[in-house]
Structures are given as structure tokens and as C-alpha cells.
Amino acid sequence: MKQIKGSLACLLAAVIWGAAFVTQVVIVNNGVGTFSFVFFRSFIAFLFLFVLLQISRIFHLDKDYEKYKNKKEIKHILLAGFSCGILVFTSTALQQAGMAMYPSGTAVSGRAGFITATYVVMASIVQTLLGRRPHILVIISALICMIGVYYMSFSNGIDNIYIGDIFIFLCAIVYTIHIFTIDYFNDIDSVRLCMMQFLFSSIFTFPLMIFEGININGIIKSILPFLYMGVMSSGIAYTLQMYGQKRTSPAIAAIILSLESVFAALSGFIFINEKLLQREIIGASLMFFAVILAQVPLLIKKK
């Protein structure tokens with residue numbers, strides 16, 4: 001049951017992140033710079049989680065409040081927040097910059113979502129290198145998932161690779177590191193760790209945002225998308241990811257989280273009229289099958 005809850009938490013995070021690709025496209029089209037995007041997304045997420053923790057403490061729901069008064073624990077959570085924060089900052093900046101580089105007419109939400117999903121195979125490889133070899137069905141699931149990624153992202157073949165694709169692939173590499181960093185700090189309360197990573201992400205991004213220049217009109221136009229990115233995509237979804245990863249393996253979590261690419265394509269089709277081709281539908285179906293297959297070892301173990 002614990003692992004099933006973890007899988008469901010990761011699935012809900014994937015749904016929220018998938019829809020977020022549409023809001024990212026809207027923010028790009030409003031002329032908001034990459035570092036302005038990362039800063040406001042991170043800072044809104046930090047404020048949301050900070051308020052949430054204060055409310056929990058007032059109503060005596062924060063069971064770990066006393067624990068984090070200890071100097072040793074404070075140092076530990078600062079290290080965790082710094083480590084996760086720099087990775088979130090880097091991956092988000094690479095992804096947003098990559099999405100801004102696509103030429104007009106590209107199905108940006110779906111393409112970016114599925115290239116990001118290449119971290120599925122990376123997570124399985126890293127887990128194997130760390131001596132924690134995943135179940136054979138999880139490895140097969142990762143391979144099937146990547147076939148789905150190919151069908152989804154390169155529906156016209158591999159000749160039409162853009163610079164944006166390279167940036168987003170680099171984002172996937174950083175995101176893989178982030179997954180295992182969360183796994184390393186799995187003893188820390190999910191909400192606190194998430195809050196601290198966005199605090200550090202905001203700190204890292206602020207000077208770069210000033211240097212880049214701030215498009216005030218673009219930010220004002222993007223208030224609602226920023227609220228979704230900050231509260232839902234960052235504050236809630238990342239907390240769900242951390243909660244889920246504590247209850248399942250990194251490889252399985254990565255496969256489930258990769259469904260964000262399917263939901264990104266669906267959201268792009270529903271909200272901004274990005275068309276899904278037949279090959280892309282086949283890719284989405286393969287990825288859904290991969291996620292289901294990855295859960296089989298949990299069911300076998302349970303029996």
C-alpha cells in the first residue's frame with residue numbers, strides 16, 4: 001500500500017506538470033525572460049509552502065517542528081535545500097530557454113514534454129550504476145517508454161532536431177540528478193525540503209533576472225500562469241514528487257513522472273490547439289503501457 005500511494009502521488013504530480021507546459025508556452029509568448037520565469041515560479045512556490053507550514057504549525061499539524069530547531073538538522077536541511085535548489089534552478093532554466101528557441105508552428109508543449117521524459121532511461125541506468133539494479137520489468141518499461149518518446153517527439157524523423165531539443169535534453173540530465181538527490185535526502189520532511197529548494201532557487205536566479213532585464217508588461221499578462229506554475233506545478237507537484245519518491249524506487253518514480261509528457265501533449269491539444277499526429281498517439285499509448293508494466297513488480301512483491 002505504501003508503494004501504491006507513492007505511485008499515485010507521482011502520477012498526480014505528472015498530471016500537474018503536464019498541464020504546466022501550456023502555461024510555460026503562454027509565458028514565453030508574453031515575452032517573459034528565462035530567469036524572470038524561474039525566479040517568479042520559485043519565489044511564489046516558496047511563499048506558498050512557507051504559509052502552508054505556518055498554518056500547519058498554528059493548528060498543531062506540523063509534527064516535525066521541534067525536530068528542525070536542532071542545529072544539526074538545520075545544517076542538514078540547508079545542505080539539502082541548496083543541493084536541490086541549484087538543480088531545480090538549472091533544469092527549469094534549461095527547459096524554459098529551450099522552449100523559447102523553438103520556431104513558430106512547433107508543437108512545443110508535446111515536444112518539450114517528451115524530450116524531458118528521457119530521464120526515465122537515465123534514472124534506470126544511474127540506479128544500476130549505484131548497485132541498486134531495478135527489476136527486469138522496470139528496465140523493459142524504461143525501454144518501452146523511450147520508444148514512446150521517439151514516436152512522440154520525432155514524429156517527422158530525427159532530421160528536424162532543434163537547438164531547443166538539446167537544451168531540454170540537458171534539462172533531463174539535470175532532472176535525473178535531482179531525482180537521486182531527493183532520494184539521498186529522503187529523511188527530510190517533503191514540504192520543508194521543497195520549500196527550501198525553491199528558496200535557494202529564488203536566491204540563485206534573482207541577480208541573473210536583474211542582469212537579463214525584467215519585462216513588466218509580460219509578467220503582468222502572465223499573473224495567472226505564474227500562479228499555476230508557482231502554487232500547483234512547483235509548490236504542490238514537487239511536494240507530491242518528494243512524497244512519492246520516499247515510497248517507491250527512483251526508477252519506477254521516473255517512469256510514472258514521465259507521463260507528464262503525455263499530459264503535456266494532451267493539454268497542448270485541448271488548450272492551445274496543438275495537434276497530435278497518429279505517431280504521437282502511438283507514443284502516448286506505449287508510455288501508458290510502460291507505466292502499468294513498471295507497477296507489476298510491486299504487485300508481485302506484495303503477493
*Asks:* Looking at Y238 versus F198, is the centre-to-centre ring distance below 6.0 Å?
*Replies:* yes
*Asks:* Is there a donor-acceptor contact under 3.5 Å from the side chain of Q245 to the main chain of I179?
*Replies:* yes
*Asks:* Report yes or no: is the cationic atom of R41 (NZ for Lys, CZ for Arg) under 6.0 Å from the centre of the six-membered ring of F37, at an angle within 45° of the ring normal?
*Replies:* no
*Asks:* Would you say that L79 contacts S83 through its side chain, given a criterion of any heavy-atom pair below 4.5 Å between the two side chains?
*Replies:* yes
*Asks:* Quick one: salt bridge (Lys or Arg N to Asp or Glu O under 4.0 Å) pairs with a partner in residues 175-186, sequence neighbours left out?
*Replies:* R132-D183
*Asks:* Any donor-acceptor pair under 3.5 Å linking the side chain of Y162 with the backbone of G98?
*Replies:* no
*Asks:* Would you say that Q241 contacts W17 through its side chain, given a criterion of any heavy-atom pair below 4.5 Å between the two side chains?
*Replies:* yes
*Asks:* So for atom CZ, which belongs to F43, do other residues, nucleotides or ligands contribute more than 12 heavy atoms lying within a distance under 6.0 Å?
*Replies:* no
*Asks:* Check whether any side-chain heavy atom of I44 sits under 4.5 Å from a side-chain heavy atom of S234, and report yes or no.
*Replies:* no
*Asks:* Has F50 got more than 12 heavy atoms of other residues, nucleotides or ligands less than 6.0 Å from its CZ?
*Replies:* no
*Asks:* My understanding is that only residues two or more places apart in sequence, or in another chain, count here; which of them pass ring-ring contact (aromatic ring centres under 6.0 Å, His included) with F35?
*Replies:* none
*Asks:* Got a sec: does the CZ of F167 have more than 12 other heavy atoms crowding it under 6.0 Å?
*Replies:* no
